[in-house]
Structures are given as structure tokens and as C-alpha cells.
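Quick caveat: nothing in here was measured; it's all calculated off a predicted structure. In each ligand, atom 1 is the first atom listed, and ligand 1 is the first ligand listed.
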Amino acid sequence: MVDLRTTTTLALARAVVRAHALLGDPAAQLFGRSARRDPYPVYERVRASGTLPGSRLGVRITASHRVCSQLVRDQRFGTVPASALSPADSTVHVDGRRLVNPVEESFLSRNPPEHTRLRKLVAPFFTPRALRGQTPVVEHVVEEFLDEIGDRPTFDLIGDFAARVPVRVITDLLGVPDADHASFARWGAALVGALDGVRTAGEMRALHEGLREFDAFLTDLVEQRGRTPGDDVVSALVAVDDLAADDLIATTELLLVAGFETTVNLIGNAARAVMAHDDVRAKLLDDPAYAEAVVEETLRFDPPVQYTARSPLERVEVEGVELAPDTPVVLLLAAANRDPEVFAEPRRFDPGRSDGREHLAFSAGIHYCLGANLARMEAAAALRGLFRRYPRLRIDGRVRMRPSGIIRGAARVPVRA
Ligand code: HEM
């Protein structure tokens with residue numbers, strides 16, 4: 001249950017953020033709801049106010065490609081838990097047991113040496129070599145879902161297609177049997193909502209519910225895999241002798257959530273870009289292999305993960321600014337991807353550009369996205385399949401964006417075939 005104290009704390013915190021946003025504080029504008037539909041003007045305001053401006057919310061923020069790139073690689077910096085950006089404690093207890101929060105406790109949010117040890121356990125499953133045989137499997141999944149849409153004249157690009165492919169791919173890879181897409185979507189949405197720092201009592205309730213259900217589901221799965229191991233990721237983790245139960249659950253939950261809550265938006269954002277640019281559509285129809293360039297440019301132009309954060313582990317000077325230990329620095333990866341010091345005509349969507357690979361959509365350094373190869377391959381297969389089947393696909397109704405600031409994508413895109 002979410003108590004009155006938490007509800008009041010969250011309401012007060014929202015009021016403070018709103019007040020600072022009105023006074024022009026860019027970090028407050030970013031954390032407020034108004035930037036959700038189009039955050040890019042806020043990023044440009046951050047860029048215009050310096051390389052590493054401060055905020056009354058106690059954080060530093062940057063839109064600079066140089067600084068983002070430096071800080072994610074700098075060993076003097078560590079990760080920032082989402083709770084550092086949230087005013088309320090989101091810990092959930094069931095029968096006296098504290099439930100694992102994969103956003104806070106997985107290796108995504110840990111520093112070496114634990115990060116190194118845990119990442120090593122699952123990294124072999126995501127190498128280009130390990131994924132080599134996966135392309136036809138993913139293409140098959142894409143075709144299956146397109147067959148289900150079939151001749152329907154209208155459908156929801158996200159719910160009927162973009163959200164389904166990544167859930168199936170990552171659950172297969174992890175060895176999750178009979179994955180129930182609707183449950184995963186609900187748990188993922190609750191956890192991703194918490195990525196931004198929980199802001200409302202409703203979000204807190206959704207997080208508690210999501211964590212409770214996800215935990216029960218995974219505890220069962222781990223028991224099953226202990227009894228009848230397969231060649232999947234969860235079986236491999238269960239077989240590791242000295243892996244703590246919480247680390248096993250946090251790692252599995254991270255892979256599941258990171259595997260579909262991001263890729264759905266890469267597919268959705270790329271498909272919307274194709275529908276908005278006739279020249280891109282024409283080239284894609286002419287040469288399906290062009291899908292890879294479209295995906296790469298989508299990662300630069302409108303990335304599914306918009307920002308991350310780091311804080312110094314010791315006193316550090318960056319770009320002439322003294323940073324005390326634990327000062328959160330918000331790294332606007334999506335703004336870095338439009339930094340005119342690195343990208344020519346950064347606001348132009350151009351899959352043919354030669355500087356595109358400099359983007360930071362998958363971050364860099366030790367936390368470089370483990371699923372980058374898988375995400376690229378899935379999204380390209382989804383785009384190829386979608387436009388081959390529906391070459392004249394177009395938006396037909398109001399697009400609803402997700403309510404998150406960190407994760408960017410549409411929740412609903414009505415389309416006509
Ligand atoms: C378009 C899709 C994706 C995007 C944009 C994306 C983006 C990112 C970013 C930006 C980070 C680093 C965050 C930081 O530096 O603080 C990250 C880490 C991670 N991603 Fe992805 N991701 C995507 C898909 C996937 C997929 C399909 C998986 C599948 C397993 C995955 C698994 C992970 C994991 C495990 C980490 C943590 C790595 C570490 O801390 O060492 N991601 N991702």
C-alpha cells in the first residue's frame with residue numbers, strides 16, 4: 001500500500017519541480033511532464049546555457065557529446081540509482097522479504113567489481129557470434145505477427161506489432177515458456193515508469209504491483225530451470241554456484257525489461273520516421289537492406305533511451321567545473337546525438353549520413369548496451385517485414401506518446417495499411 005506520507009512527499013516534490021520549471025530551470029523542465037511530447041527544445045535550451053550547467057534540483061546536466069562520451073568512460077564516475085532522482089522510497093516488501101528492483105540492483109546500476117562479475121556471466125549470450133543464427137528466427141517471429149494482422153485495414157503499430165516482436169525474442173532467449181505478452185507489457189511499463197524516479201502515488205502502486213508479480217513469476221521460472229535446465233540464459237545463471245538469489249533475479253529481470261521496453265520504441269520510432277519521409281520509404285522499398293541505415297539513424301535522431309546519469313566517486317573537475325562526490329550529472333544522450341560539433345545538420349533525419357555511427361544511443365564504456373547487436377538486428381528485421389507487407393502504411397489517428405522522460409516512444413500509433 002502507498003501511505004499518505006509518500007503521497008504527500010511525491011505531491012510536494014512535483015510542485016517544487018513545476019515551480020523551478022516555470023522559472024526556467026532546464027533540468028526541472030526535463031523532469032516535468034511538459035517536455036514529454038517533444039523534449040528536443042528543452043535539450044537545446046540546456047545546450048545554450050553552457051557545457052555543464054547546474055540546476056536548483058541539485059544536479060548538473062549536459063547536452064554535450066564530448067562530456068557525455070567522457071563521463072560514461074571515466075572510471076572516476078559511477079552509476080546513479082533512479083532513487084537518487086526520486087523523493088520517495090520505492091522499496092517493496094512481501095511477507096517480510098524485500099523484493100529485488102532490477103533497475104536499482106542489477107549490473108546496469110552497479111559499479112566494478114560487482115558490475116564486471118555479473119555482466120561477464122551473461123555477455124556470451126549476446127556476442128555477434130552467439131546471435132548469428134538468430135536472424136532467421138527473428139524474421140519468422142516478425143512474419144508470424146504480420147500474418148496475425150493480415151488484411152485488417154487499420155491496426156495499432158505498437159500494440160499489434162512493435163511491442164510483440166521484442167517480448168517474444170527476449171523471452172525465447174531467456175527460456176521463458178509461454179510468455180504472456182500482456183503481463184510482460186504491464187510489468188515492463190511499471191519498472192520503466194520507475195526509471196524516471198517515481199513521481200505519483202499511482203506510479204508507486206504500479207511499481208509495487210509489477211515488482212510483486214514479476215518476482216513471483218521469476219521465482220517459479222528459476223525453480224523450473226533448476227529442475228530441468230535448457231541451453232538458455234536463466235539455466236546458465238541457475239548453474240552458477242556462488243550467485244546470490246537476488247543477483248540472479250535482478251539480472252534476469254534486467255535482461256527481460258531492457259530487452260523489450262527499449263526495442264519496441266526503436267521499431268516504433270523508426271517506422272514513424274519512415275512514414276514521415278517519402279524518400280526514405282522509397283529507398284527502403286527499393287532495397288530492404290537499407291533498413292539497417294534507417295535503424296541507425298533512428299538511434300541517433302530519436303533514441304529510445306534519452307538520458308542516463310553518473311556521479312563522481314571522488315572530487316573531480318570537468319570542463320572547469322568542480323564536482324563534489326555523489327553530485328548527479330544527467331547525461332542527455334539524445335541531445336549529444338544532435339550536437340552540431342559532431343553531426344552535420346543534426347536536426348535532419350538522414351540515413352545516408354557519414355557521421356551517424358558517432359551516436360551515443362547505446363551509451364559507451366563499461367555499461368555499453370549489452371543488447372545493441374540484438375536490438376539493431378530485431379529492429380531492421382521488423383522494418384523490412386512491415387514495409388514489405390504494407391508498403392503504403394500511414395498514420396491514421398492520434399499518436400499517444402509514453403509518459404516517460406528517459407524512455408522515448410509512442411504508446412499507440414493507429415495506422416492504415
Ligand atoms: C533499442 C534498443 C536499446 C537501447 C536504445 C538500449 C540502450 C541502452 C543504454 C543507453 C544502456 C546504458 C545505460 C548507461 O550507460 O547508463 C544500456 C544498457 C544495457 N542494455 Fe540496452 N538498449 C537497447 C536494447 C537492449 C536489449 C535488446 C537488451 C537485451 C538484453 C539490452 C540489455 C542491456 C543491458 C543488460 C544493459 C546494462 C549493461 C551494463 O550495465 O553493463 N538492451 N542499454
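In this structure, Ser311 contributes its side chain and Asp326 its backbone to no donor-acceptor pair below 3.5 Å. Between the side chain of Asn373 and the main chain of Thr127, no donor-acceptor pair closer than 3.5 Å is present. A donor-acceptor pair under 3.5 Å is absent between the side-chain atoms of Arg376 and the main chain of Glu292, judged by distance alone. A distance-only check finds a donor-acceptor pair linking the side chain of Arg110 to the backbone of Glu105 [under 3.5 Å]. Not a single donor-acceptor pair under 3.5 Å links the side chain of Arg300 to the backbone N or O of His359. In this structure, Asp339 contributes its side chain and His65 its backbone to a donor-acceptor pair below 3.5 Å.
The single protein non-hydrogen atom nearest to atom 34 (C) of ligand 1 is Leu370 CB, 3.9 Å, given as residue, atom name and distance. Of the protein's non-hydrogen atoms, Phe362 CE2, 3.5 Å is the one closest to atom 4 (C) of ligand 1. For atom 29 (C) of ligand 1, the closest non-hydrogen atom of the protein is Gly259 CA, 3.7 Å. For atom 30 (C) of ligand 1, the closest non-hydrogen atom on the protein side is Phe126 CE2, 3.5 Å. With hydrogens left out, the protein atom closest to atom 28 (C) of ligand 1 is Gly371 CA, 3.5 Å, a heavy atom. Among all non-hydrogen protein atoms, the one lying nearest atom 40 (O) of ligand 1 is His367 ND1, 2.6 Å. Among all protein heavy atoms, the one lying closest to atom 24 (C) of ligand 1 is Thr262 OG1, 3.1 Å.
Only one option out of Arg152, Arg416, Arg412 pairs with Asp396 in a salt bridge (Lys or Arg N to Asp or Glu O under 4.0 Å); it is Arg416.
Heavy-atom separations between Arg110 and ligand 1 are all 4.0 Å or longer. Ligand 1 lies nowhere less than 4.0 angstrom from a heavy atom belonging to Arg376. Residue-ligand proximity: Thr263 is placed with a non-hydrogen atom under 4.0 Å from ligand 1.
For ligand 1, the atoms sitting less than 4.0 Å from at least one non-hydrogen atom of His115 are 39 (C), 40 (O), 41 (O), numbered in the order shown with element in parentheses. Ligand 1 places these atoms under 4.0 Å from at least one heavy atom of Ala375: 1 (C), 2 (C), 24 (C). Near Leu266, the atoms of ligand 1 lying under 4.0 angstrom from a non-hydrogen atom of the residue are 1 (C). The contact set between ligand 1 and Leu108, taken as ligand atoms under 4.0 Å from a residue heavy atom, comprises 13 (C), 18 (C), 37 (C), 40 (O). Distances below 4.0 Å separate heavy atoms of Arg310 from the following atoms of ligand 1: 14 (C), 15 (O), 16 (O). Residue contact check: Leu255 has heavy atoms under 4.0 Å from atoms 30 (C), 35 (C) of ligand 1. Close approach of ligand 1 to Arg119 (heavy-atom distance below 4.0 Å) involves ligand atoms 38 (C), 39 (C), 41 (O).
Few gaps surround CD on Glu314; more than 12 heavy atoms of other groups in view lie less than 6.0 Å from it.
Between Asp232 and Arg225 there is a salt bridge, with a side-chain nitrogen of the basic residue lying less than 4.0 Å from a carboxylate oxygen of the acidic one. By the 4.0 Å N-to-carboxylate-O rule, Arg402 lies close enough to Glu261 to be salt-bridged with it. At a threshold of 4.0 Å, the pair Arg353-Glu358 does not count as salt-bridged, since none of the basic side-chain nitrogens sits closer than that to a carboxylate oxygen.
Considering backbone and side-chain atoms alike, Ser363 places an N or O below 3.5 Å from some N or O of ligand 1. Residue Tyr368 has no nitrogen or oxygen atom sitting less than 3.5 Å from a nitrogen or oxygen atom of ligand 1, judged on distance alone. Where the criterion is an N or O separation shorter than 3.5 Å, residue side chain and backbone included, Thr308 meets it with respect to ligand 1.
The cationic atom of Arg338 (NZ for Lys, CZ for Arg) does not lie both less than 6.0 Å from the six-membered ring centre of Tyr43 and within 45° of the ring axis.
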(request) Please lay out, stage by stage, how Phe301 and Phe343 fare under the test ring-ring contact (aromatic ring centres under 6.0 Å, His included). (result) CA-CA 11 Å; Phe301 186 80; Phe343 301 99; over 10 Å; no
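Taking the six-membered ring where tryptophan is involved, the planes of Phe184 and Phe260 are perpendicular, since the angle between them exceeds 60° and thus also 30°.
Proximity annotation for atom 10 (C) of ligand 1: of Cys369, Ala258, Ala361, Ala361 comes nearest, heavy atoms only.
Residue-level proximity to ligand 1 for Phe260 is absent, since no heavy atom of it falls below 4.0 angstrom. Residue-level proximity to ligand 1 for Ile366 is carried by the backbone, the only part with a heavy atom below 4.0 angstrom.
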